[in-house]
Amino acid sequence: MPNKNGNVYGLTILSPIIDDESATPSHDLQIREYLATLPTGEESPFALSPGTHLCRLVVMDDVIYVGAPACEEHLHSKYLVFESNCDCDLDSYLQGLAASVPERLDAIWSHCVGYPGAANPQAFIDYMKACQIETTFYFAAVNDKSVTETLSALQTQRAVTDFIACHQHTKPEQLQKEFTEFMAVLKAAPLPRPGGMAPRRDIKTGGRNE
C-alpha cells in the first residue's frame with residue numbers, strides 16, 4: 001500500500017512557500033536560517049514528538065533539468081519539503097506533532113501559504129494532508145518495527161560490536177564469563193531516548209534545494 005511499509009508510515013509533504021517581494025529576508029531564506037538553529041539528536045523537536053523514526057526538511061527552489069530526453073519544467077513557487085517515517089496512523093502522528101512542538105512547527109510553516117498554525121490541531125492536520133503527496137520510495141534502512149523496537153535493536157547492535165572489538169584476544173573461559181556479565185548489564189540498561197542513537201551531523205543550509 002502506498003505510504004505504508006509494514007507498521008511504518010511514510011509521510012511526504014510539499015508546502016508552497018510564501019512569495020512576498022517585500023519580505024526581508026525572503027520567506028524561504030527565513031526558513032533556512034531557522035532550520036540551521038534547530039537542535040539535533042535527543043533535543044531535536046522531531047525526537048521530542050512521538051513516533052518519529054527519521055525526518056528531513058528541505059527548501060526546494062526548483063526542479064533540476066537533467067537534460068534530454070527529459071522535459072524542462074519549473075515549479076510555480078518554492079516549496080518546503082517534509083519527509084518523515086513514523087509509527088501509527090497519520091492523524092495520530094500529526095496530532096502528536098502539534099501537541100508536543102507547536103512553537104517549532106509554527107516557526108517553520110508560518111512561512112508557507114495557508115498555514116493555519118498548530119493551536120488548532122484539526123486545522124493543522126487538514127493542512128498537512130492537503131499538502132501531502134504519495135510516498136512510494138523509502139529510505140533503505142527503514143523497517144516495519146516501532147521506534148521502541150528499533151532503538152532497542154540499535155542499542156544491542158552497538159553494545160555487541162563494542163564488546164567484540166574489546167575482546168579480540170580474550171581466552172574462551174574468560175570471554176564466556178564476561179559475556180554473561182555483559183548480557184546482564186545490557187538487559188538492565190534503559191532504552192535510549194529517540195535521537196540518542198543517531199550520528200551527529202552538521203545541518204546544511206543555503207545551498208540549492210537544501
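Note: hydrogens, waters and symmetry copies are ignored here, and every other heavy atom, side chains too, is used. Numbers here simply count residues along the sequence, with the first being 1.
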Legend entry - Working for side-chain contact (heavy atoms from CB on, under 4.5 Å), residues Asp91 and Lys129: CA-CA 9 Å; Asp91 282 29; Lys129 285 184 172 181; 2.5 Å; yes
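- Contacts of Phe163 classified as ring-ring contact (aromatic ring centres under 6.0 Å, His included), with partners at least two apart in sequence or in another chain: His167, Phe179, Phe182.
- Side-chain N or O atoms of Glu134 include none that pairs as donor or acceptor with a backbone N or O of Asn3 at under 3.5 Å.
- Considering OH of Tyr34 and CG of Leu29, their distance stands at 15.5 Å, rounded to 0.5 Å.
- Among residue pairs with one or both ends in residues 168-181, those qualifying as salt bridge (Lys or Arg N to Asp or Glu O under 4.0 Å) are Lys177-Glu181; sequence neighbours excluded.
- Residue pairs meeting the ring-ring contact (aromatic ring centres under 6.0 Å, His included) criterion with at least one partner in residues 81-104, sequence neighbours excluded, are Phe46-Phe82, Phe82-Trp109.
- Heavy-atom neighbours of Asp19 CG from other residues, nucleotides or ligands within 6.0 Å: at or below the threshold of 12.
- Among all heavy-atom pairs drawn from Leu48 and Glu43, the shortest one is CD1-O, 4.0 Å.
- Closest of all the heavy-atom pairs between Pro45 and Pro39 is CD-O, 4.0 Å.
- Annotation for Ala159 and Leu186: closest pair CB-CD1, 3.9 Å, computed over non-hydrogen atoms.
- One distance of note links CG of Leu35 with CG of Leu80; it measures 7.0 Å at 0.5 Å rounding.
- With a 6.0 Å radius and a threshold of 12 heavy atoms from other residues, nucleotides or ligands, Gln95 has its CD atom at or below the threshold.
- Atom NE2 in His111 sits 12.5 Å away from atom OG in Ser15 (nearest 0.5 Å).
- Residues that satisfy the side-chain contact (heavy atoms from CB on, under 4.5 Å) test with Asn120, not counting sequence neighbours, are Gln122, Ala123.
- Val113 approaches Ile18 most closely through the heavy-atom pair N-CG1, 3.7 Å.
- Sorted by first and then second residue, the salt bridge (Lys or Arg N to Asp or Glu O under 4.0 Å) pairs involving residues 71-81 (not counting sequence neighbours) are Asp28-Lys78, Asp61-Lys78.
- Taking CD from Gln168 and CG from Leu175, the interatomic distance works out to 10.0 Å, rounded to the nearest 0.5 Å.
- Residues Ala98 and Phe124 come closest through the heavy atom pair CB-CD2, 3.8 Å.
- Sorted by first and then second residue, the salt bridge (Lys or Arg N to Asp or Glu O under 4.0 Å) pairs with a member in residues 97-126 form an empty list; sequence neighbours excluded.
- Rounding to the nearest 0.5 Å gives a distance of 7.0 Å between OG of Ser100 and CG of Leu105.
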Inset, instruction - Go through Leu97 and Met128 one step at a time and tell me if the side-chain contact (heavy atoms from CB on, under 4.5 Å) criterion holds. - result: CA-CA 11 Å; Leu97 279 177; Met128 289 299 190; over 6 Å; no
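- Looking at every heavy atom in both residues, Ile31 comes nearest to Cys112 through CD1-SG, 4.5 Å.
- To the nearest 0.5 Å, the span separating CD1 on Ile164 from SG on Cys166 amounts to 10.5 Å.
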